[in-house]
Number of protein chains: 2
Amino acid sequence: MTHATERSPEGRPARPTLEAVARRAGVGRGTVSRVVNGAPGVSEQARAVVEQAIAELGYVPNRAARTLVTSRTDAVALVIPETESRLASEPFFAQIIRGVASELSETDMQLLLILVRTDQERTRLASYLSGHRVDGVLMVSVRTDDPVLDLLERIGVPAVLGGRRSLTEPLSYVDCDNRGGAQSAVRHLVRRGCTRIATITGPLGMEAGRSRLLGYRQALEEVGLPYTEELVVHGDFTEETGHRMMAGLLRQRPDLDGVFAASDLTAVGALRALREAGRGVPDDVAVVGFDDSSVARHTDPPLTTVRQPTEQMGRTMARLLLEEIAAPSRTHHRVELPTELVLRASA
Amino acid sequence: MTHATERSPEGRPARPTLEAVARRAGVGRGTVSRVVNGAPGVSEQARAVVEQAIAELGYVPNRAARTLVTSRTDAVALVIPETESRLASEPFFAQIIRGVASELSETDMQLLLILVRTDQERTRLASYLSGHRVDGVLMVSVRTDDPVLDLLERIGVPAVLGGRRSLTEPLSYVDCDNRGGAQSAVRHLVRRGCTRIATITGPLGMEAGRSRLLGYRQALEEVGLPYTEELVVHGDFTEETGHRMMAGLLRQRPDLDGVFAASDLTAVGALRALREAGRGVPDDVAVVGFDDSSVARHTDPPLTTVRQPTEQMGRTMARLLLEEIAAPSRTHHRVELPTELVLRASA
DNA sequence: AGGCTTCGTGGGAGCGCTCCCATCACCATC
DNA sequence: GATGGTGATGGGAGCGCTCCCACGAAGCCT
């Protein structure tokens, strides 16, 4: 009798089961299961024998079997609704992914990535989520009217958002202090002497867009500068609209001397428009962005911007989600992380 | 008798099972299973009744139960070994993810994302893969000596690499024409009159690094320019070493008039060193990068670079993997996609 | 000494599905 | 009319695990 691994008819080594481990260790299935799951009520001696057998056989629990009976899946989904190609151009998403993955890697939770682009994929996602295929859901870049979020609330899956839909977000979320960050950006422009400060907003369908606009407004008001519609143009975080809006702004208000762009990409577009218009940055017009994405360091001139702790946001989201999965409760978590103004040459 | 959903003791609606559908449709489990899986041998009539019942009950198959018996998991893993913070700074990874996700979204395969940073995580990955928890594996940014790859070969999981370990890669892979791309970059430098062309290589532990160096060498040789060790310095695709290596190069060979950087990030570092040394780009020194990552458009001057079809690579990888899963065979796939030189202002 | 917990343990039941085989109705054939 | 397909169907067995209950061996109290 050798120690040769059991083999199925085709000759591939058959994976050892709980049963096999139990037989080898000379104990019952229950005991092995308790050892594997770290459950109490196992004698030191039994535990040792079982662990030995597990090692010898190279036993790895069958996740599907476990899921079938516990109906835990040990998986969480990270949902990224990436309209356009923002995923590729904005390091934001990659950093969130990094944070989430690194927090999860210490547990044995699997990370499922779900990119949602079309409405059709949105529908699939809905049926996916109602199929209880994950223990929890992380979702970033949320828009106020996203129907998937209502679904999440309705079916009661543990969920944590990156960002929020409104100031009264009912779901758990992790956000950065968008309002405060914007305010500090505009305060900086004021401090350096700008008096006619415009803003190119983000999409107002996202709370981040609205809050950054609010921060702009509050910073103006606190120093008594007028808030005028003329100096507020609406963008969508992309470079392209940043460029177009800035060009329009210059035509409308040639006298402006400062711009707060609601994202770095928007700022990049704005810088281009300013260059084309022959305006010097920061001397004629000072520019501040938001995000501190990797382009910020490479623009000409390098961009003064508001850094948000993206990776930490991802990490926090994952941690909160794990907590909610472990101890489901009606109370939701709300976390707001601070931002930081990064001074470079553009303002 | 109402149509009310069955409920478990806690009041949460119980998910309908195959059995429930069968009862409602007045057929056996077998028939429902055949309908759900699109298997032949079901009468039109039975199919209609079953589909009706499925719709009424909102039945969604339990994946775990299915996996338990078929030992298919309907999931593939995308493994990204991201030493340092390359994931965040290089859009490469995000684009690969996009490509993979978009190809997969048309099937009902799940995408599992696995980031591997430490050696400990590497070990976990190994045990993960030997646990047969996915039907296939995608892996990018492969290093020649990565032990995980041997493991993949050994356990025979379907796998497709993004990039390859050597020119004789035994596993299936999708790569871009690194050698040809580098060659076209250097040819361009030659064409614009450069005669003392240096290169800052990528890590030579990756085939991409070696092939790009080879392309550089071949381009020189075909026009009779000498290949000298002095003009070849070794980097690792990062900005930081690009900067340091370029500075060293300038000290060593102040007469150089062209640089081929093996990545855009490296080129960015090189541009900075050149600026600090007071050299004009492209007039004193022309610079070409590789990747056409998003920074390339924003550098000063904008970077001439070699575009690789990253998203298409991701898409192709996923497609090949699905094929290998569907029809396992000993023959592996090798795909090499073309690159394209993108002319901007730096050369 | 007898009854009481307490602890460690074994193993039956069952999660929801697929696989496969036995069955049956039906029709074509000799 | 008996025979032999053929195609549709139902349901048993079993995938590998957790849950839980029953059981025996100690240890504790009165």
Distance, nearest 0.5 Å, that separates CG of D150(B) from CD1 of I155(B):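 CD1 of I155(B) is found 11.5 Å from CG of D150(B).
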
When rounded to the nearest 0.5 angstrom, what is the spacing between CE in M317(A) and CG in L138(A)? 4.5 Å

Exam field: side chain [X] to backbone [Y], donor-acceptor pair closer than 3.5 Å:
| X | Y | answer |
| --- | --- | --- |
| T73(B) | D135(B) | yes |
| S172(B) | H332(B) | no |
| R15(B) | V60(B) | yes |

Within the structure provided, determine whether [X] and [Y] are in side-chain contact (heavy-atom separation under 4.5 Å).
| X | Y | answer |
| --- | --- | --- |
| R319(A) | R315(A) | no |
| L78(B) | L113(B) | yes |
| V142(A) | Y173(A) | no |

Basic-acidic side-chain contact under 4.0 Å: R164(A), E336(A): yes

Salt bridge or not for R165(B) and D146(B), using N-O below 4.0 Å?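 Salt bridge: no.
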
Angle between the two end axes of the helix from dA1(C)-dT30(D) to dC30(C)-dG1(D), five base pairs per end, rounded to 10 degrees? 50°

Write down the distance between CZ (R23(B)) and P (dG10(D)), rounded to a whole number of angstrom.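 Atom-to-atom, R23(B) to dG10(D), this comes out as 14 Å.
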
Which parts of nucleotides 15-24 of chain D does protein reach within less than 4.0 Å, heavy atoms only, written one letter per nucleotide 5' to 3' as B for base, S for sugar-phosphate only and - for none? BBBB-B----

Can you pull every protein N or O that's under 3.5 Å from an N or O on nucleotides 4-8 of chain C?
none

